[in-house]
Amino acid sequence: MNTPSRTSLSLALSRRRALALGGLAGGFALTASACSSGSAGSTDPNTFDFWSFTGINQKADVEAYKKLAPDVTVKLTEVGNAQETAQGLTTALAGGKVPDLVLIQAGDLPKFMKNPGNFVDLTTLGADDIQDDYVDWVMAQATAQSGEIVGIPTDVGGMGVAYRTDLLAAAGLPTNRDEVGALWPTWEDFIATGQRYTQATGNAFIDNAATTVFLQAVSQGEEQYYSADGDVVYDTNPIVRESFDLGLKAIAAGITAKLDSFTDGWNAGMAKGAFAAVAAPSWMLGSIRSAAPDTEGKWDIATIPGGSGNWGGSYLAIPARAANPEAAWAYITKMQSPEQQLQHFIESGSLPTTPVNYDKPELVNHTDPFFSNAPTGKIFTQAVLGLKPFLNGEYNTEISTELLNALNGVEGDGAPADAAWDTAVKNIKTAIGA
């Protein structure tokens, strides 16, 4: 696989906008204590409150920052999953106590961009001096029409498929990453491979259909839930229905372990080999290591069906009523510098949003021993480059959540498959009021 030059990669990325997907449906409710703990606001300029979401090991970043700035105290609160964190922030912005710093998933960002005055304009702290360090389509998502910069991007979620080489070998399937990727040039081929695996072993091939099939397939179209003009088109866009039907097909094929992503059962299933493959954005590598530390060397990474994909990506923002915005800004500028984003990729797999890193040997030649020395820098960068642009709209998260819920209802609860699409559309209309 040829590695693109910095110039060609930057130009290609500049034509891609709004790739990150909406948040996952949560398995637990946001509590009042999660909204208030860590939001009181300290008068100590060397202390700041930070809200993040779970599942990404934000504690590791905070610990790394403490080594760089030992006099600073970071009060980290993991509010819930990404969607729950956004809901908690919405409540706080309406009059509650806000954190000094908050992590917002890209899929949730559009609703906050409607009211940029709820956040510190980061140009007042120096964002205009560093905005060119980041991929321009990523920065554009966090820039208001009037020019305020609301957030600084932390990562993009280039896609691959993480798979267990030992489990595939037991099923008589190839294990070399190039040969494995060749098994599934399309999603139909991916499902057929899953059937071969399940028939040979009697075990599930993937964790679930909602996130490993539907959520990835739907991100590969030129439009998703919104048209380029901002119209809601989830119910008329063929790629959405086709991707949803692929999810139903995977469920009907009996290849799923019926384990919702990032739940305790999913973590346990990862560790005991309850499934052989999972759609894995770059940032998920850390989750796999954490959930299944004893499986080091048994995993590898192949290209995703269709060859491209992005799942996630986030921004750091400072609410306008933050008590210590300068301390929060110091964290942003240090931890999201090109140097630190590159280091974060090396340590955890999160793909940088800083194009200056894309032709550096540390990224281009990076291999991950936990994943059989897979060339993760090349795999994930190529996955992002292959994407076509689409617009993220205000209700991306709500739309995505209801589609995921409908598929999970069929897979886990036995809801009728032939009614799933209509159920999803009905619930989406209720959720977004249209």
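For reference, positions follow the sequence shown, starting with 1. Model, not experiment: these values are computed from the prediction.
Using cut-offs of 30° and 60° for the angle between ring planes, the Tyr163 and Trp184 rings count as perpendicular. Using cut-offs of 30° and 60° for the angle between ring planes, the Trp311 and Trp283 rings count as perpendicular.
Sorted by first and then second residue, the side-chain hydrogen bond (donor to acceptor under 3.5 Å, both in side chains) pairs involving residues 238-247 (not counting sequence neighbours) are Arg241-Asp245.
For the atom pair CE (Met270) and CZ (Arg289), the distance works out to 12.0 Å, reported to the nearest 0.5 Å. Interatomic distance, CD1 of Ile255 versus CD1 of Ile191, reported as 5.5 Å (0.5 Å rounding). From Thr143, atom OG1 reaches atom CD1 of Ile149 across 4.5 Å, with rounding to the nearest 0.5 Å. The CD1 atom of Ile301 lies 14.0 Å from the NZ atom of Lys378; values are rounded to the nearest 0.5 Å. In this structure, the separation between OH on Tyr395 and OH on Tyr234 is 12.0 Å, given to the nearest 0.5 Å. Distance CG/Asp108 to OG/Ser400: 10.0 Å, rounded to 0.5 Å.
No more than 12 heavy-atom neighbours from other residues, nucleotides or ligands sit within 6.0 angstrom of CG on Asp264. Counting non-hydrogen atoms of other residues, nucleotides and ligands closer than 6.0 Å to NZ of Lys258 gives a total of 12 or fewer.
Side-chain N/O atoms of Glu148 and Thr123 include no donor and acceptor closer than 3.5 Å. Between the side chains of Asn208 and Ser261, at least one donor N or O sits under 3.5 Å from an acceptor N or O. Using modelled atom types, one finds a donor on one side chain and an acceptor on the other under 3.5 Å when comparing Gln224 with Asn396. A donor-acceptor pair shorter than 3.5 Å can be found between the side chains of Asp207 and Thr212. Side chains of Gln220 and Gln216: no donor on one and acceptor on the other come within 3.5 Å. Side-chain contact, Glu411 with Thr256: a donor N or O sits under 3.5 Å from an acceptor N or O. Side-chain atoms of Gln58 and Glu78 include no donor-acceptor pair closer than 3.5 Å.
A pairwise comparison of heavy atoms in Asn237 and Glu223 identifies ND2-O, 2.9 Å as the closest pair. Across every non-hydrogen atom of Leu103 and Ser314, the tightest pair is CD1-CB, 3.7 Å. Shown here for Ala317 and Pro319, the closest heavy-atom pair between the two residues is O-CD, 3.8 Å. Leu407 and Gly247 make their closest contact through CD2-C, 4.1 Å (heavy atoms, listed as atom of the first residue, atom of the second, distance). Heavy-atom minimum distance, Arg177 versus Ser372: NH2-O, 3.0 Å. Heavy atoms only, all atoms of each residue included: Asn203 and Thr198 are closest at O-OG1, 3.0 Å.
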How far apart are the C-alpha atoms of Gln340 and Gln336, what are their side-chain angles, what is the distance that settles it, and do they pass the side-chain hydrogen bond (donor to acceptor under 3.5 Å, both in side chains) test? CA-CA 6 Å; Gln340 285 298 318; Gln336 302 312 322; over 6 Å; no
Working for side-chain contact (heavy atoms from CB on, under 4.5 Å), residues Asn373 and Asp368: CA-CA 4 Å; Asn373 291 315; Asp368 193 320; over 6 Å; no
One pair to check against side-chain contact (heavy atoms from CB on, under 4.5 Å): Thr211 and Phe262. What are the steps and the verdict? CA-CA 11 Å; Thr211 56; Phe262 311 114; over 6 Å; no
Audit row: His344, Asp155, side-chain contact (heavy atoms from CB on, under 4.5 Å) steps and yes/no: CA-CA 10 Å; His344 197 202; Asp155 66 299; over 6 Å; no
I would like to know whether Tyr197 and Leu173 meet side-chain contact (heavy atoms from CB on, under 4.5 Å); could you show each step before the answer? CA-CA 8 Å; Tyr197 176 84; Leu173 293 168; 4.0 Å; yes
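In this structure a side-chain-to-backbone donor-acceptor pair under 3.5 Å is missing from Tyr65 to Ile332. Side-chain atoms of Tyr315 do not come within 3.5 Å of backbone N or O of Met139 as any donor-acceptor pair. Thr263 places a side-chain N or O within 3.5 Å of a backbone atom of Trp266 that can act as its donor or acceptor partner. Distance alone, capped at 3.5 Å, is enough to place a donor-acceptor pair between the Arg321 side chain and the Gly96 backbone. Here the side chain of Asp133 pairs no donor or acceptor atom with the backbone of Ser337 at under 3.5 angstrom. Looking only at distances, no side-chain donor or acceptor of Asp229 sits under 3.5 Å from a matching main-chain atom of Asp231. In this structure a side-chain-to-backbone donor-acceptor pair under 3.5 Å is missing from Asn427 to Glu402. Between the Asn115 side chain and the Asn118 main chain, no donor and acceptor come within less than 3.5 Å of each other.
Side-chain contact between Leu363 and Pro352 is present, with at least one heavy-atom pair separated by less than 4.5 Å. Using a 4.5 Å heavy-atom threshold, the side chains of Trp51 and Leu101 count as separate. Within the 4.5 Å cutoff, the side chain of Phe112 has heavy atoms near those of the Leu93 side chain.
By the 4.0 Å N-to-carboxylate-O rule, Asp235 lies close enough to Lys429 to be salt-bridged with it.
Screening Leu122, Ile152, Val102, Val150 against Ile318 for a side chain to side chain contact (heavy atoms under 4.5 Å, CB included) leaves a single residue, Leu122.
Taking the six-membered ring wherever Trp is involved, the centroid distance between the rings of Phe275 and Phe205 does not fall below 6.0 Å.
Judged as a side chain to side chain contact (heavy atoms under 4.5 Å, CB included), and not counting sequence neighbours, the contacts of Asn365 are Pro361.
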